[in-house]
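Below you'll find the structure, written out as structure tokens, and then a few comments.
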4 protein chains.
Amino acid sequence: MVKVGIVGGTGYTGVELLRLLAQHPGVEIVAITSRGDAGTAVSGMFPSLRGRVDFKFEDPAFANLKACDLVFFATPNGVAMQQAPELLDAGVRVVDLAADFRIADVAEWEKWYAMRHASPEWVAKAVYGLPEVNRAAIRDARLVANPGCYPTAVQLGFMPLLGSGLISPEHLIADAKSGVSGAGRKAEVSSLFSEASDNFRAYGVSGHRHLPEIRQGLSRIAGLPVGLTFVPHLTPVIRGIHATLYAQIKGDADFQALYEKWYVDEPFVDVMPANSHPDTRSVRAANLCRIAVHRPQDGATLVVLSVIDNLVKGAAGQAVQNMNIMFGFSETDGLWQLPVLP
Amino acid sequence: MVKVGIVGGTGYTGVELLRLLAQHPGVEIVAITSRGDAGTAVSGMFPSLRGRVDFKFEDPAFANLKACDLVFFATPNGVAMQQAPELLDAGVRVVDLAADFRIADVAEWEKWYAMRHASPEWVAKAVYGLPEVNRAAIRDARLVANPGCYPTAVQLGFMPLLGSGLISPEHLIADAKSGVSGAGRKAEVSSLFSEASDNFRAYGVSGHRHLPEIRQGLSRIAGLPVGLTFVPHLTPVIRGIHATLYAQIKGDADFQALYEKWYVDEPFVDVMPANSHPDTRSVRAANLCRIAVHRPQDGATLVVLSVIDNLVKGAAGQAVQNMNIMFGFSETDGLWQLPVLP
Amino acid sequence: MVKVGIVGGTGYTGVELLRLLAQHPGVEIVAITSRGDAGTAVSGMFPSLRGRVDFKFEDPAFANLKACDLVFFATPNGVAMQQAPELLDAGVRVVDLAADFRIADVAEWEKWYAMRHASPEWVAKAVYGLPEVNRAAIRDARLVANPGCYPTAVQLGFMPLLGSGLISPEHLIADAKSGVSGAGRKAEVSSLFSEASDNFRAYGVSGHRHLPEIRQGLSRIAGLPVGLTFVPHLTPVIRGIHATLYAQIKGDADFQALYEKWYVDEPFVDVMPANSHPDTRSVRAANLCRIAVHRPQDGATLVVLSVIDNLVKGAAGQAVQNMNIMFGFSETDGLWQLPVLP
Amino acid sequence: MVKVGIVGGTGYTGVELLRLLAQHPGVEIVAITSRGDAGTAVSGMFPSLRGRVDFKFEDPAFANLKACDLVFFATPNGVAMQQAPELLDAGVRVVDLAADFRIADVAEWEKWYAMRHASPEWVAKAVYGLPEVNRAAIRDARLVANPGCYPTAVQLGFMPLLGSGLISPEHLIADAKSGVSGAGRKAEVSSLFSEASDNFRAYGVSGHRHLPEIRQGLSRIAGLPVGLTFVPHLTPVIRGIHATLYAQIKGDADFQALYEKWYVDEPFVDVMPANSHPDTRSVRAANLCRIAVHRPQDGATLVVLSVIDNLVKGAAGQAVQNMNIMFGFSETDGLWQLPVLP
């Protein structure tokens with residue numbers, strides 16, 4: 001059994017990690033920490049886990065995280081860069097679900113996240129944990145930077161096009177819609193039911209933190225810099241991201257066949273039949289990305305629809321997928337639950 | 001592997017049965033039928049099942065249901081009573097998720113369901129499939145009448161009180177709230193998003209079909225006739241039933257201890273700590289009933305809160321639980337998924 | 001024009017008051033205060049008011065509230081009892097939308113609200129502002145205690161029965177469901193979209209602050225003490241309260257006729273036809289209470305359904321109705337908008 | 001008083017027209033028809049109108065529509081083209097809320113709507129009822145083609161840019177999101193609460209009927225043909241459209257100032273301050289379009305956010321606005337209600 005610890009388990013990413021890990025056949029959870037809720041039973045905070053997850057949040061100062069084979073950081077941005085190096089130096093492998101190690105350009109990171117980076121040296125060693133791009137490197141990684149939710153949906157959606165050079169990389173548009181759980185379990189007025197339900201709005205149009213991460217990922221895939229306009233929106237669903245992607249076609253091709261072939265061996269990417277419109281609920285609670293490709297009126301603009309559950313393929317599920325790769329499990333272990341519909 | 005068939009798999013109960021059975025270790029689905037959608041791929045109608053459930057709906061006339069060990073009827077009321085007897089006579093065991101075999105008094109059934117019963121003889125032989133009441137009889141049943149959703153939540157909530165004689169059985173009140181999936185996947189104006197969302201209402205106050213089923217179940221438990229007022233409501237959630245139960249206390253007792261002891265060995269009934277308020281989401285997508293007991297201001301009225309997912313413990317999950325009992329599986333096989341929260 | 005001020009206008013009750021008052025033909029808003037948001041444009045916080053409400057929140061210390069004819073307190077509990085007396089002494093009339101002056105028994109109030117009351121003498125002079133009970137007294141009141149949302153729905157629902165002595169007053173049950181806006185515009189985890197949507201739960205079963213207020217009101221109407229079990233629930237709608245009321249019938253009667261006659265002259269109470277089930281959305285954004293009366297199976301238990309919009313008839317609308325009575329307006333002035341459906 | 005009739009009043013557009021007209025100071029509703037529901041009280045179907053709208057649906061064959069000054073058609077596509085000409089010939093003025101007279105190119109209309117047009121001569125005489133474009137022509141129109149909901153949001157959003165020639169007209173993108181009421185009050189599985197809630201999806205990517213209408217409108221504004229990719233989505237809100245518009249900048253300008261100046265005299269278009277993100281709820285139940293303009297990272301792509309309530313500015317409200325213009329009312333008569341928030 002692989003011994004795992006979770007730092008910061010009181011948010012939605014944390015409880016989702018617990019849901020998945022508690023059902024994983026090869027894992028033993030040995031510690032879960034929370035500075036603010038140390039001593040509280042996990043199942044007291046999350047009754048959905050009653051009878052199945054029987055331990056308490058521990059103070060990080062006292063938790064024996066160094067005895068773990070793997071520690072997940074499900075903390076706010078800026079925590080893992082402080083605490084992970086000590087564990088890494090002790091030989092513990094780490095998956096950070098926050099943004100600390102996602103951007104290779106430390107100055108760029110510092111600009112968008114408005115703090116000084118505490119361990120630039122580990123940024124250089126970190127592997128960006130998008131298995132469909134980086135599987136081999138993840139296998140041996142000591143530190144995995146688990147991708148953001150928007151970046152996962154957008155990169156998987158654009159990858160076959162950019163990888164094959166069939167679109168202009170200058171004017172990419174990603175119009176993305178996220179469920180409210182993406183804002184986390186923080187008490188903020190803008191995330192209240194009475195504010196977010198029966199309502200739809202854009203946010204962060206002038207610049208969202210996931211923009212540099214997406215741009216970095218797409219540029220790596222394309223092998224050259226891309227131009228991207230990224231507009232995130234909030235839609236009143238709990239879980240789910242729907243990315244609607246627009247690109248100008250450069251070379252003609254059978255785009256449907258391109259996508260099907262590109263992802264034929266990927267267990268967690270489903271290319272839908274031509275003319276499909278994937279629902280976010282078709283991946284609810286499952287580690288899946290479903291993609292559909294459209295070329296309206298046989299015109300010059302290609303439209304790609306890409307959906308994930310932001311808490312699963314966009315966070316905790318992808319983290320478990322990375323763990324499976326790192327520790328030699330079957331990649332689908334603990335991740336084979338069917339989506340919950342309706 | 002137990003060979004199972006599903007008659008009528010295009011509703012929410014059907015797709016939920018498929019979700020659970022596709023993840024059950026001891027079951028092989030050999031046929032799923034739909035008169036209207038024969039020839040359609042199951043995963044075309046329910047993309048959540050893509051890649052995991054690869055067969056088509058068959059015409060019931062041609063499906064080889066007699067080769068099954070067990071057939072689930074996930075059909076509208078009035079179908080199983082027509083079609084199940086032939087299968088039963090051929091030695092196939094049957095679980096009916098509709099109401100055809102739930103009410104022992106056939107005249108009463110005919111009054112509430114407004115049709116003549118086609119096989120009263122099988123009503124007499126059917127076992128009411130509430131495992132927490134009838135586990136032994138279910139084991140050997142040829143025909144199991146799977147309980148309704150409201151009746152499951154209300155009976156499990158009242159059972160310890162009525163079973164121990166500590167409340168007056170004359171003036172029981174069950175104020176129950178259901179998610180909209182309880183109305184099924186039928187195209188009806190009253191179930192439209194624009195009608196049911198951001199709205200709350202009662203319905204069927206003059207008399208709902210689940211009333212005689214609940215009354216029958218509670219009277220059996222109490223060993224004498226009970227008086228019950230049952231008011232169902234529609235709440236804008238997809239899945240979930242919340243029953244708020246009121247009873248007049250006859251004899252004093254430690255009601256919390258009574259409930260904990262009553263259900264101590266039940267894998268799918270969770271008695272919450274004193275002063276709890278179970279969320280419907282705490283059982284979302286799981287085969288669980290969570291119960292909390294309150295005695296406000298130490299007064300004469302006891303308040304019991306009982307929640308289930310109407311599609312799982314209130315329908316498909318309970319049907320699988322019954323199957324597990326009938327075929328000697330561990331009762332939790334295929335039913336051990338954790339609730340999905342948030 | 002009547003000059004009005006609003007103390008504490010940044011919550012949902014405040015913005016709803018602004019919406020109604022901005023459309024009232026006989027009112028001039030001269031000040032709106034907020035300690036925390038002084039200097040902020042009202043329409044910056046609430047863009048729905050852009051172009052129609054053009055002033056800023058003022059610091060209460062500097063606002064000239066004494067120049068008002070009427071000041072509404074839309075503040076948290078405990079504020080009006082501190083600040084209203086000075087205004088009252090200066091001849092300003094006051095409507096308090098919080099709970100400070102609702103409970104005549106000061107010791108009882110202090111127990112439920114867990115603070116010492118700052119002006120018991122004004123409790124004695126306050127008029128409970130439920131127009132259907134107290135219209136005459138409201139007319140000349142200097143200080144009106146605007147009722148709570150649950151108390152409005154429950155009292156209007158029970159009033160004809162208790163007023164006519166046709167039910168047993170010992171075992172009244174009020175099973176009430178509220179939209180999430182009832183919790184206010186406070187940043188709390190339990191009110192987040194991802195917590196409250198697709199979920200249903202009870203809360204405060206052991207005792208909710210509206211219990212003593214309802215009990216006081218029902219006892220006054222009945223002319224004797226009543227026994228009441230009150231269970232509030234949270235339902236995922238923004239606006240709306242649905243109270244389901246249960247009473248044991250003592251004397252036979254035509255209850256439908258009783259209700260229709262009782263409320264025949266009330267502009268804001270609508271007795272629905274027999275066998276109706278009022279939707280909360282049928283009163284959305286309007287100052288209305290709709291009521292339906294049921295006697296299931298002609299039994300001993302009467303069921304009354306009573307719905308309001310918690311922010312209108314349950315708060316701001318009722319406050320404006322009280323203002324209309326106090327200042328000799330037509331009672332429907334500014335309150336004649338039709339409900340918004342769908 | 002202007003005498004108005006409504007043909008087909010049982011859908012959401014019909015009930016919204018009734019809500020607005022019942023509060024309009026200069027209008028008398030003399031007839032409302034419904035073939036299927038003739039004889040039913042309007043307020044029986046829509047309890048929100050109880051006590052305020054007291055007539056019944058009439059059979060269109062018997063309704064005296066020719067006595068009206070104005071008849072609104074709130075019917076499915078294909079009805080007004082059959083029935084309006086007789087009324088028009090009798091001197092009655094007509095506003096059609098469906099699509100029959102929106103597209104000048106009859107062949108194009110017939111292709112998208114898959115029927116033969118019954119009165120091409122009236123297509124030629126019809127005035128496209130977008131007041132911000134066509135106010136003068138509407139004044140004297142006998143027949144007004146009320147715009148679609150998506151076309152209203154998209155045209156108002158792009159108009160200042162195309163009208164001033166500052167963007168490339170070849171690669172316009174309109175990524176639009178609609179509430180579910182846009183699908184009407186038809187019983188369809190895809191509009192059920194259990195399908196549409198907690199879910200987000202695109203639809204009609206290969207070609208939606210509003211595409212030719214939008215393209216026609218934008219081309220008229222630009223004075224040359226435009227290239228447009230239009231992707232509609234369904235978001236789980238009842239009312240509301242959010243159009244996110246993308247254009248490539250051709251000439252530099254102060255776009256914020258351009259928009260503010262363009263719409264300075266429009267009572268129903270609100271240009272928000274720079275860096276705003278309009279919520280759909282900020283226009284809920286009101287005849288308003290709110291617009292925000294963004295130029296992310298000072299790049300080459302302009303992003304415009306445009307929100308309306310699809311049932312008001314996108315349908316019934318705009319129809320009343322057109323009526324106000326046609327009959328010399330103040331343009332805001334009956335349309336001055338504030339949005340309902342929260």
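Here is the naming used below: chain letters follow the sequence lines, and residue numbers restart at 1 for every chain.
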Most heavy-atom pairs under 4.5 Å with chain A, out of R284(D), H277(D), H233(D), belong to H277(D)
Under 4.5 Å to a heavy atom of chain A? For I173(D) that would be side chain
The interface call for V303(D) against chain A, heavy-atom contacts under 4.5 Å, is side chain
The interface call for I241(A) against chain D, heavy-atom contacts under 4.5 Å, is neither
Can you tell whether the side chains of R239(D) and D198(A) come within less than 4.0 Å, N to carboxylate O? no
Counting heavy-atom pairs under 4.5 angstrom with chain A, the leader among D298(D), T244(D), L305(D) is T244(D)
Under 4.5 Å to a heavy atom of chain A? For L341(D) that would be neither
Exercise for review: I would like to know whether S206(D) and H294(A) meet side-chain hydrogen bond (donor to acceptor under 3.5 Å, both in side chains); could you show each step before the answer?
Suggested key: CA-CA 7 Å; S206(D) 62; H294(A) 291 258; 5.7 Å; no
Applying a strict 4.5 Å limit to non-hydrogen atoms, the region of S276(A) in contact with chain D is neither
If you tally heavy-atom pairs under 4.5 Å between each of D175(A), V307(A), V231(A) and chain D, the highest tally belongs to D175(A)
Among Q297(A), H171(A), E170(A), H242(A), the residue with the most heavy-atom pairs under 4.5 Å to chain D is H242(A)
Just by modelled atom types, is the D279(A) backbone N or O under 3.5 Å from a matching donor or acceptor in the N199(D) side chain?
no
inquiry  = Does the plane of the ring in Y246(A) sit parallel, tilted or perpendicular to the ring in Y246(D)? Use 30° and 60° as the thresholds.
reply    = tilted
- [ ] For residues R281(A) and E195(D), determine if any side-chain heavy atom of one lies less than 4.5 Å from a side-chain heavy atom of the other.
- [x] yes
Chain D shares the most heavy-atom pairs under 4.5 Å, among A202(A), P296(A), P342(A), P278(A), with A202(A)
Practice item. Check for a donor-acceptor pair, side chain of T280(A) on one end and backbone N or O of F200(D) on the other, with a separation under 3.5 Å. Key: yes
So, the part of R295(A) with a heavy atom under 4.5 Å from chain D: the answer is neither
